[in-house]
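Just the heavy atoms: all of them, side chains too, but no hydrogens, waters or symmetry mates, feed the values below. Order of appearance sets the numbers: ligands from 1, and atoms from 1 within every ligand.
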Amino acid sequence: MALTTINPKAPNTGTGAGDLFQYLRNGQPRTRSELATLTGLSRSTIATRVDALLDTGLVGAVGAALSSGGRPPSTFAFAPESRTVLAADLGAAHAILGLTDLAGNIIDHLRADLDITNGPVPVLDWVVAKFTELLQRNGRDASTLSGIAIGVPGPVAHSTGRPTKPPIMPGWNDFDIPGTIQQTFDVPVLVDNDVNIMALGEQSLSWPDTENLMFVKVATGIGVGLISGGALQRGAQGSAGDLGHVQVPGGASTPCRCGNTGCLEALAGGGAVAANLAAQGYAAHTASDVGKLAEDNNTAAIQVLRQAGRDIGSVLAMCVNLLNPSVIVLGGRLASAGEHVIAGVREQVYFRSTPLATQHLVIVGSAAADMAGVRGASMLVIGHVLAPDAVDHLVMNRTAAMAT
Ligand SMILES: [Zn+2]
C-alpha cells in the first residue's frame with residue numbers, strides 16, 4: 001500500500017466504518033445501542049459497520065454489558081493487540097528498534113551500535129533484518145503488521161520519506177527509504193526526523209493533553225521537536241527545529257562546522273563540551289564521555305553542562321516568547337546526565353522570557369528517556385493507520401479479498 005493512497009484531509013467517501021471506529025479508539029467498550037446513540041446512526045447501519053470492524057480484527061467482542069432483561073447486548077472494544085507496528089530510531093552512532101501494538105505498547109525492542117555514515121543500503125538492510133527478527137522472536141507474522149516508522153538524524157521531506165541534505169548522513173540525500181523498506185514489508189512506511197518522533201513519544205507518554213510542547217534533544221547535536229496547536233510542526237522543507245545553528249546571544253564566536261561562528265551547537269553540543277573538558281585535561285571525546293564524568297560528580301563536567309544549559313536556555317528563551325509552549329522537555333545524552341543542563345536552561349528561560357509566557361511553563365527532563373524515539377515512531381504510524389480513511393481502506397480490502 002503506497003502512502004499516497006491515504007489523504008487524511010480528503011472527504012471520507014469510504015464505508016463509514018472508519019468514522020465509527022474513532023468512537024472506539026480510546027479503548028472504552030461500547031454496545032451497538034450506545035454507538036447508535038453517540039453517532040445518531042440507525043441500529044442497522046451500526047450493525048453493518050461493527051461487523052465490518054470485527055472482520056478486520058481492529059475491534060473485538062468483550063463480553064456482555066448489563067441489560068435490563070432478555071439477551072444481553074454484546075459489547076465491543078478496540079483490540080490494539082490485534083496488529084503490530086515496527087519502529088526504528090536511528091541515531092548517528094546507535095539504533096533502537098521496537099515492535100509495538102496499536103496502542104503504542106512496546107512488545108519488544110533491541111539496541112545496537114550503528115554507524116549512519118555507512119550509507120542507506122547497508123543500514124536499511126540491517127534494519128529490515130532486525131525488524132524480521134523482532135517479528136519472529138515474538139511469534140508475530142508479517143501479515144499482522146499495520147505500518148512502519150523510521151526516525152533519522154536529519155531533515156526529512158515527510159510527504160516522500162526522503163532525507164533532505166542531511167548534514168551527518170552522507171549518501172542519504174533524497175534516498176527512497178519507504179520504497180526500500182517496502183520491498184520486504186508491503187505496508188505504509190513513514191519517515192521523520194529523530195527529534196520530531198521523540199517529541200511525539202514524550203507527549204504520548206507524559207503529556208497526552210498538552211497541545212504546545214517542545215522536545216529539546218541535547219546530545220552531539222542540538223535539535224527541537226515542536227508540537228504546536230496539537231500538531232507536529234515540520235516547516236516547509238522539514239528543517240523546523242534545527243536550533244543547533246542559531247547564534248547564541250552574547251556567546252563566544254567559536255567556529256561551527258556549518259561555516260558560521262557562535263552557533264549553539266559550537267558552544268553547547270556534545271563535541272564542544274567534550275573539547276572544553278579535554279582542554280582541561282579530562283579524557284572526554286564525546287557527549288557520552290561528558291555524561292559519564294558528570295554522573296561521577298566531576299565538578300568541571302558539571303560546570304560545562306550548566307553553562308551549556310545556559311547557552312541553550314538563552315536561545316530557547318526566544319522560542320518561548322515566539323511560541324508560548326506549556327512544556328519544554330529536555331532529552332538526549334547531555335540532558336540525562338543529572339539536572340545540570342536543565343538547571344542552566346531554567347535559569348536563562350525564566351530570566352529572559354516574558355512573564356506571561358513563563359507563568360505556567362514547565363521545564364523537565366524526558367520521562368520516556370531513550371525509548372522516546374521508538375514510542376513516537378509507533379505513534380506516528382498509529383495516527384496514520386487508524387485515521388478514518390485508512391480504516392476504510394482496510395475494510396474495503398477485506399471485503400474485496402472475500403469477494404474473490
Ligand atoms: Zn553552525
Side-chain angles (χ1 to χ4, degrees), residues 90-94 115-117 151-157 163-174 192-199 214-226 233-279 284-291 304-323 328-335 337 340-342 344-345 348-349 352:
L90 307 183
H94 308 281
D115 186 354
I116 200 84
T117 66
V152 297
V156 175
T164 312
K165 299 187 176 67
I168 62 165
M169 299 171 66
W172 289 79
N173 182 40
D174 205 33
D192 213 326
N193 173 263
D194 60 348
V195 191
N196 286 348
I197 60 169
M198 287 175 193
M214 292 175 69
F215 184 96
V216 187
K217 181 185 177 189
V218 189
T220 305
I222 297 171
V224 168
L226 176 64
Q233 303 297 324
R234 299 183 173 93
Q237 264 76 42
S239 79
D242 192 357
L243 224 58
H245 301 283
V246 172
Q247 191 173 25
V248 177
S253 57
T254 309
C256 180
R257 63 180 168 86
C258 75
N260 274 325
T261 58
C263 292
L264 181 58
E265 187 177 304
L267 269 61
V273 292
N276 187 331
L277 285 172
H285 305 285
T286 64
S288 188
D289 297 337
V290 178
V304 298
L305 286 183
R306 182 83 173 222
Q307 183 56 41
R310 291 189 193 105
D311 290 339
I312 295 163
S314 65
V315 171
L316 283 178
M318 292 185 274
C319 302
V320 167
N321 284 351
L322 184 68
L323 298 162
I328 295 177
V329 179
L330 289 146
R333 185 63 186 97
L334 293 185
H340 317 299
V341 169
I342 296 171
V345 168
Q348 286 298 306
V349 168
R352 288 173 180 265

Hey, does the side chain of Trp172 reach the backbone of Val152 with a donor-acceptor pair shorter than 3.5 angstrom?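 Pair absent, no side-chain N/O of Trp172 close to backbone of Val152.
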Asp289 side chain to Ala284 backbone, donor-acceptor under 3.5 Å: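 Such a contact is absent between Asp289 side chain and Ala284 backbone.
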Salt bridge (Lys or Arg N to Asp or Glu O under 4.0 Å) partners of Arg234, counting only residues at least two apart: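 For Arg234, the residues satisfying salt bridge (Lys or Arg N to Asp or Glu O under 4.0 Å) (neighbours in sequence not counted) are Asp192.
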Near the Zn ion (ligand 1), which protein N/O/S atoms are found at less than 2.8 Å?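 Only His245 ND1, Cys256 SG, Cys258 SG, Cys263 SG fall inside 2.8 Å of the Zn ion (ligand 1).
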Please table the atom pairs, donor to acceptor, closer than 3.5 Å between any side-chain atom in residues 237-257 and protein atoms at least two apart or in another chain.
residue	atom	partner	partner atom	Å
Arg257	NE	Glu265	OE2	2.7
Arg257	NH2	Glu265	OE1	3.2
Arg257	NH2	Glu265	OE2	2.8

Run the side-chain hydrogen bond (donor to acceptor under 3.5 Å, both in side chains) test against Asp174 and tell me which residues pass, sequence neighbours left out.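 Partners of Asp174 under the side-chain hydrogen bond (donor to acceptor under 3.5 Å, both in side chains) test: none.
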Which heavy-atom pair separates Ala219 from Ala287 by the least distance, and what is that distance?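 Smallest interatomic distance, heavy atoms only, reads C-CB, 4.2 Å.
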